[in-house]
Amino acid sequence: MRRLLYVHVFLCCLSMAHPFCPSQCTCVFHGRTDGAGTRSVVCNDPDMSDIPVNVPVDTVKLRIEKTMVRRIPTEAFYYLVDLRYLWITYNSISSVDSASFYNLKVLHELRLDGNMISMFPWESLKEMPRLKTLDLHNNRITHVPTEAIPYLLNITYLDLSSNKLATLPSDFMDIWPPFNGAPISTNASQKVLLGLQDNPWFCDCKISKLIELSKMSGTPVVLMDLYMACSGPENIAGVLFQRAELDNCVKPSVMTSATKITSDLGSNVLLRCDATGFPTPTLYWAKSDGSLVNNTVQESPGDGIRWSIMSLHGILFKDAGNYSCKAKNDAGNAEATISLSVAGATSTTILPLRPDKTEPTSQGTTFTPPTYTPNSPTITSTVLPRTSTSAVPKKPKTTTSDSLLKGSIKPAKSQQGANGRKLAADEKSKKSDASKSVKDLKIVEETSDTAVLLWTADGLPNDTPLTVVYSPYDEDDIKRTVETNAGSGKVFLDGLSPGMRYSVCLIAKGSAAGKDPCIDFYTLVNVEDGGQNQFFIIISGIACALVLSLIALLLYKILALYCKGHSTNLDQEELEKDSYVKFETLSMKQRTLNSRPTELWARRATHESERMLLCSRSSIDSQMTYKSDSSRSEYLC
């Protein structure tokens with residue numbers, strides 16, 4: 001490398017002293033009246049096999065065209081510091097070194113079209129920060145890696161047409177509007193021209209943005225050819241991008257548990273978001289400054305669905321701000337934002353989803369932490385309380401997602417002194433009342449649409465109000481309630497559906513959460529419906545018997561016709577007369593001596609009627625094709 005550098009320095013000094021032109025090139029100096037000018041060099045000798053190393057250092061434009069050059073070596077243009085246009089077109093180049101374009105800091109155009117390049121060193125573009133035009137069309141490039149995308153940000157003319165590209169990275173289009181979220185500008189100087197036609201595109205979600213772009217108008221990214229077509233998969237092969245519909249490709253959609261949350265200083269906060277899309281999107285959280293949040297958990301309960309929970313422990317004032325839940329798949333991106341505010345209060349508990357167990361605090365007081373269920377429709381943003389000697393935690397407060405989406409969450413304030421003692425007394429009273437409940441809950445006299453619920457009150461006054469809640473099993477959105485009292489001991493449930501499973505709970509005022517007795521039961525099946533079902537079964541059996549008879553008759557007829565066809569050759573001859581003869585494409589080019597004319601004709605044996613057709617076609621074609629002694633007629637008539 002050092003030796004090569006010395007050679008470059010020597011050539012530079014020699015060229016500045018006495019500029020000369022390589023023997024296989026033509027040099028033109030474009031001077032001006034002020035004594036300044038530019039130099040262009042054209043090398044198009046068919047016998048040239050290597051990149052010239054003695055090009056004048058003041059060259060601004062270098063063209064190497066239609067030569068036998070097969071590779072571009074390392075630092076081939078290192079000393080051409082003023083080079084702005086480099087065209088190496090229609091040669092035999094198959095190898096390009098990753099450092100081939102080192103030190104080309106002012107290069108504007110790089111054209112390598114018409115070669116045999118299968119792998120282009122995309123990382124070499126970082127050596128050309130001012131590059132605007134990259135022409136790689138008519139090569140053998142099979143893919144563009146994801147790592148190449150950052151190097152294409154400044155390119156305004158990119159031609160990858162007439163290659164072997166079947167797909168692109170899903171992020172390929174995200175560097176330009178309208179996919180990068182930047183406002184669309186009408187300034188013509190900010191247009192980006194893309195050449196992607198004449199490639200065997202496999203139309204799936206990875207190029208869905210390219211297909212979407214072909215259907216847009218007035219975008220900053222302009223396609224050289226709008227009429228690109230799919231080569232696969234088989235069901236849409238040959239379909240234009242503008243008409244292609246990808247049924248299994250859906251952009252992500254994101255929904256958060258709340259839009260605004262207010263929490264106390266030092267609390268623990270859980271934020272949740274859910275996303276849908278196909279392919280199943282991935283989720284990640286980011287702060288307002290763009291930094292990612294690592295303390296997250298996510299799960300996909302099924303295809304096309306994913307949820308994520310982010311946790312913040314012991315929040316401080318600096319944790320306040322916007323948190324974005326971002327979803328991404330091959331079809332696109334989406335995001336939703338939750339605004340978190342930190343208040344100066346000391347203790348609160350918000351949004352327990354399922355308080356099913358208690359834990360002791362440092363002061364001996366118990367509280368009920370939330371348990372998160374992924375499929376639960378309730379909000380999963382929770383703040384756990386801090387305890388102190390003067391603060392008594394309140395009973396957890398549950399808030400639905402609808403109320404959270406309408407506004408911020410208001411934390412409960414702790415009470416001190418006499419108010420605190422009064423609150424403790426009230427809580428103790430509630431707990432003692434909650435210990436008294438109903439028991440022996442059971443269903444008697446159930447029918448197809450009614451049932452009778454019985455229970456026994458344990459220490460509750462007869463006038464204690466009770467609420468009976470019943471609904472079909474696992475269908476909480478369809479609930480019915482009946483108001484009664486503890487002394488009645490019985491309630492009548494009507495409006496039920498036959499043959500269904502129901503859940504019924506008896507709720508007493510002041511009872512502890514999760515302690516209400518519930519049972520499940522089944523309603524009876526309607527006898528009339530059963531008889532009707534038997535009638536339908538009988539009718540279906542008769543219909544099946546008739547259909548089977550018809551099928552047997554049709555099979556008999558088909559077998560008879562088949563046997564009759566084998567007994568005589570007359571029908572076969574008639575079919576052959578009506579058959580079409582398939583020809584290969586006939587070429588009007590001059591036929592070479594080694595050509596095989598017989599390959600142009602029928603794919604099967606022909607009969608006399610077809611022989612006349614072939615002879616007629618052959619006589620016409622023979623007037624336009626080359627004749628020689630060694631050639632023979634296409635068909636002997």
Side-chain angles (χ1 to χ4, degrees), residues 43 48-52 61-78 80 83-176 192-202 206-207 209-210 221 223-225 228 231:
C43 304
M48 177 180 287
S49 58
D50 296 309
I51 299 291
K61 185 175 184 179
L62 175 60
R63 297 171 57 184
I64 304 175
E65 301 174 343
K66 301 178 182 179
T67 68
M68 295 299 295
V69 176
R70 296 183 179 276
R71 63 181 296 268
I72 303 177
T74 301
E75 300 182 359
F77 314 100
Y78 175 81
L80 300 178
L83 193 63
R84 296 186 180 183
Y85 305 92
L86 178 57
W87 296 3
I88 311 177
T89 59
Y90 294 94
N91 299 282
S92 301
I93 295 174
S94 60
S95 175
V96 182
D97 192 87
S98 60
S100 295
F101 310 110
Y102 181 71
N103 206 35
L104 298 182
K105 303 300 182 182
V106 297
L107 191 69
H108 288 178
E109 284 191 15
L110 176 60
R111 297 182 183 270
L112 295 168
D113 48 301
N115 288 285
M116 296 183 290
I117 302 172
S118 59
M119 295 184 64
F120 179 76
W122 300 96
E123 66 275 12
S124 65
L125 297 179
K126 65 184 178 181
E127 302 295 340
M128 299 170 279
R130 297 188 182 181
L131 190 68
K132 297 297 181 182
T133 298
L134 179 60
D135 190 348
L136 295 171
H137 88 272
N138 197 11
N139 276 282
R140 300 177 181 179
I141 299 174
T142 57
H143 77 287
V144 178
T146 305
E147 294 77 14
I149 296 176
Y151 304 128
L152 301 175
L153 287 173
N154 296 326
I155 302 295
T156 58
Y157 180 98
L158 177 61
D159 193 351
L160 296 172
S161 60
S162 302
N163 278 280
K164 298 183 181 298
L165 293 171
T167 188
L168 290 171
S170 59
D171 299 337
F172 182 82
M173 301 300 301
D174 290 344
I175 60 177
W176 299 298
V192 176
L193 190 61
L194 290 181
L196 298 172
Q197 67 276 10
D198 193 22
N199 280 289
W201 295 113
F202 187 87
K206 290 185 178 180
I207 65 167
K209 297 173 187 176
L210 177 59
V221 180
L223 296 175
M224 295 183 189
D225 187 356
M228 293 185 291
S231 297

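As a basis for the values below, the full set of heavy atoms in this structure was taken, side chains included, without hydrogen atoms, waters or symmetry mates.
Residues Tyr85 and Trp87 place their aromatic rings such that the two centres sit no closer than 6.0 Å.
In this structure a side-chain-to-backbone donor-acceptor pair under 3.5 Å is present from Ser100 to Ile72. Side chain of Asn115 to backbone of Ile93: a donor-acceptor contact under 3.5 angstrom is found. Remark: side-chain polar atoms of Asn139 are not paired, donor with acceptor, to backbone N or O of Leu160 under 3.5 angstrom. Using modelled atom types, no side-chain atom of Asp171 and backbone atom of Pro169 make a donor-acceptor pair closer than 3.5 Å. With hydrogens and angles ignored, the 3.5 Å screen pairs a side-chain donor or acceptor of Trp201 with a backbone N or O of Leu196.
Other residues, nucleotides and ligands contribute more than 12 heavy atoms inside 6.0 Å of the CE atom of Met116. Lys61 NZ: more than 12 foreign heavy atoms inside a 6.0 Å radius.
A 4.5 Å side-chain heavy-atom check between Leu110 and Met128 finds at least one atom pair inside the cut-off.
For the pair Arg111 and Tyr157, the cation sits on the ring face: its NZ or CZ lies under 6.0 Å from the ring centre, inside 45° of the axis.
Looking at Thr67 and Asn91, their side chains do bring a donor and an acceptor atom within 3.5 Å of each other. Looking only at atom types and distance, the side chain of Ser162 has no donor-acceptor partner in the side chain of Asn138 under 3.5 Å away.
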Please lay out, stage by stage, how Phe172 and Leu210 fare under the test side-chain contact (heavy atoms from CB on, under 4.5 Å).
-> CA-CA 9 Å; Phe172 182 82; Leu210 177 59; over 6 Å; no

Check the pair Lys105 / Glu127 against salt bridge (Lys or Arg N to Asp or Glu O under 4.0 Å), numbers first and verdict last.
-> CA-CA 7 Å; Lys105 303 300 182 182; Glu127 302 295 340; 3.6 Å; yes

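Taking the six-membered ring where the residue is Trp, Phe101 and Phe77 present parallel rings, their angle staying beneath 30° rather than reaching 60°. Using bins of under 30°, 30° to 60° and over 60° for the plane-to-plane angle, the ring pair Tyr78/Tyr102 lands in the parallel bin.
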